[in-house]
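What's counted below: heavy atoms across the whole structure, side chains too, no hydrogens, waters or symmetry copies. So you know, we letter chains A, B, ... as the sequences are listed, proteins then strands, and number each from 1.
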Amino acid sequence: MIDVRSVSFAYRKKPPLFDSLDWNLEPGTIYGLLGRNGAGKTTLLKLLTGMLYRNAGSIAIDGIDPERRLPELQQEMLFVSEELPVPPMSISAYRDLYAPLYPRFDDAGFTRYLEGFETDPAESMKKMSFGQRKKALLAFGLATCTKLLILDEPTNGLDIPSKGQFRRVLAGAADDSRVIVVSTHQVRDLERLIDPITILEAGRIIFQHSVDEITSRLRLHVGPDRPEDAVYAEQAMGGFAALVPNTDASTSRIDLELLFNAATVETDRMSALFAKEAS
Amino acid sequence: MTTVFSPSRVVVLMRHDLQPQMKSLLSGLLAAAGIAFGLMLLTSLGTADSASFHASTFSNLLFIGGYVVSSMAFSELQDEKRGLHYLMLPGSAVEKYVARLLLTSVGWVVAALVTYSVATALGAAVAQPLFGRSPGVFLPTTRDTWETIGFYLITQSAFLFGSVYFRKAAFIKTVAAAVTVALSIALVGLLAGRIAFADLFVGVLQTRANVDQLVITGPRFESVVDAFDAVRTVLLYVSAPFFWVVGVIRLGETEA
């Protein structure tokens, strides 16, 4: 559904951020986009939505180039950025103002999501806390039923109960027709939700695999000693936390922070491991 | 089917543009009405020449207020987050520009007319019994008023374009650009006149002592009149559509 091919981009008078980047996204998935600060996650998402113009390559969403900014395509995209400005009005007035721009807006879903977030639609958004505003905008974003929904740091600013609410609401909103991309540093908040995991580093997608693929190839090991066959290890309480090849088809949870560090530090080893298994 | 212009979407975008600003807009218009009312009372203390009072006061409200409002029309593009949100709204560059154009041109004219008419009606109702005279109620149906409105509709297009072209301080930069263009035209005109009417000059730019007594006629003078007519035609009929088109293009190229 979304095809990114050989995209190159650089901000004016700055070194290239992306060089021949390829990325393919299919509906029915919640992509987790991970990357260091300054890796270009938000820039990539802006390129994806046509908000920045690429220097080379092509991007197609259902065959349409987002740079054309056609209304028919924009009705199918929503970018909920980390900090979104809100007008001085209630949530229900916000819905009345913006929902007509999205033909498939789901009123019942919007009400359901607000209930899930325990947010009052009559409350003024200007008077809400940052977290409450965020939940209201997330509810609106989910209710638009756009084919592409981008959430940039969605759990940033949410308290612990709200993060749980967000996970439940997002899990309920995902469907087969939709691509949801969650760009985040707070991987632990979304560990069980994002699948596949996409890691952006040095202008390229260096890692994109489903959780099933990851757990079939890697296993989490925690122990006093560093395993000799560890693909990547780092010191943890009580010894070492490591990712080791999963040779006995056992299932274990994967620590996404550890996975991220492994992919960015041991990029070649990780690529070789997944390439070998794929072949 | 691809639709780059949907009237219903333009209406929704206009609602989006207007509704959050309604309180600020009404406050501003109320302030303007208060000023007009106050000026009515002050003028009533004097000779109360209604024709010149209304012509100048309404023009000030229309032009100054309209140019400022037009210069701020795309101010959210100066902020990354607000700009992203606006550019992501479903709507082509044409639709988004038309929505703001309608609000800052026709919409502002209507707002100015209503505000000024109400303010002056109240002013006249208070001034007449109080001072025995007043500039009278503003009548928007005069030919001069409609010519003024027409000139506003043409010139505000430059300020609306400035709002989308300049990242910051759009009003000041648009005024500076307009002054630059005017000075350039004046310079070209001066040089052309110096060449065409060389016999009227002594030295570089000093005219002959009796130049004001000379009767200037003939093909040279007619060509000056033709040039003036050409500039006026361009200003009246070409400038606004030009700024609308380049404004749409610029908005379409704007990045978040």
Side-chain angles (χ1 to χ4, degrees), chain A residues 9 11-12 42-43 45-55 63-90 93-105 124-126 137 140-141 144 146 148-150 152-153, chain B residues 1-28 72-100 103 164 167 247-256:
Chain A
F9 176 81
Y11 285 106
R12 206 187 304 182
T42 302
T43 302
L45 298 175
K46 287 183 180 178
L47 286 167
L48 206 60
T49 51
M51 292 297 105
L52 286 174
Y53 291 111
R54 57 191 181 267
N55 301 136
I64 302 173
D65 186 346
E67 280 187 2
R68 295 176 64 191
R69 295 186 184 174
L70 296 176
E72 282 75 12
L73 184 59
Q74 289 187 313
Q75 288 170 359
E76 296 296 344
M77 300 193 296
L78 190 71
F79 194 134
V80 181
S81 56
E82 186 179 358
E83 292 172 33
L84 202 57
V86 291
M89 56 180 62
S90 67
Y94 186 92
R95 173 251 167 261
D96 291 340
L97 194 61
Y98 289 99
L101 292 169
Y102 301 94
R104 291 208 305 276
F105 189 85
S124 168
M125 296 176 86
K126 278 288 188 190
L137 294 170
F140 179 85
T144 55
T146 50
L148 173 61
L149 177 64
I150 293 173
D152 196 359
E153 299 291 354
Chain B
M1 192 180 97
T2 302
T3 313
V4 292
F5 191 83
S6 160
S8 58
R9 203 154 43 218
V10 171
V11 170
V12 174
L13 286 168
M14 286 173 72
R15 261 190 72 208
H16 156 269
D17 293 340
L18 198 56
Q19 200 163 324
Q21 312 293 338
M22 195 56 88
K23 271 188 188 168
S24 309
L25 192 63
L26 288 175
S27 302
M72 292 167 56
F74 289 99
S75 58
E76 71 259 82
L77 297 179
Q78 297 172 19
D79 178 80
E80 188 189 332
K81 296 281 188 280
R82 290 172 61 216
L84 174 65
H85 175 68
Y86 176 67
L87 291 174
M88 281 291 303
L89 288 179
S92 65
V94 174
E95 290 166 343
K96 287 173 178 168
Y97 202 84
V98 166
R100 300 249 161 129
L103 287 172
V164 75
R167 298 284 287 187
V248 169
I249 292 171
R250 180 67 179 185
L251 183 60
E253 291 177 346
T254 300
E255 295 181 308

Does the pair K46(A)/E80(B) count as a salt bridge with the N-to-O cut at 4.0 Å? yes

So, the part of I64(A) with a heavy atom under 4.5 Å from chain B: the answer is neither

Residue M77(A) versus chain B: region with a heavy atom under 4.5 Å: both

Answer yes or no: is there an ion pair linking E76(A) with R104(A), defined by an N-O contact shorter than 4.0 Å? yes

Compute the ring centroids of Y98(A) and Y102(A), then answer whether they are less than 6.0 Å apart. no

Do the side chain of Q74(A) and the main chain of L87(B) share a donor and acceptor less than 3.5 angstrom apart? yes

Only pairs of heavy atoms separated by less than 4.5 Å count here; which of G50(A), S81(A), P87(A), P85(A) has the most with chain B? P85(A)

Which bit of E76(B) is near chain A, if near means a heavy-atom gap under 4.5 Å: side chain, backbone, both or neither? neither

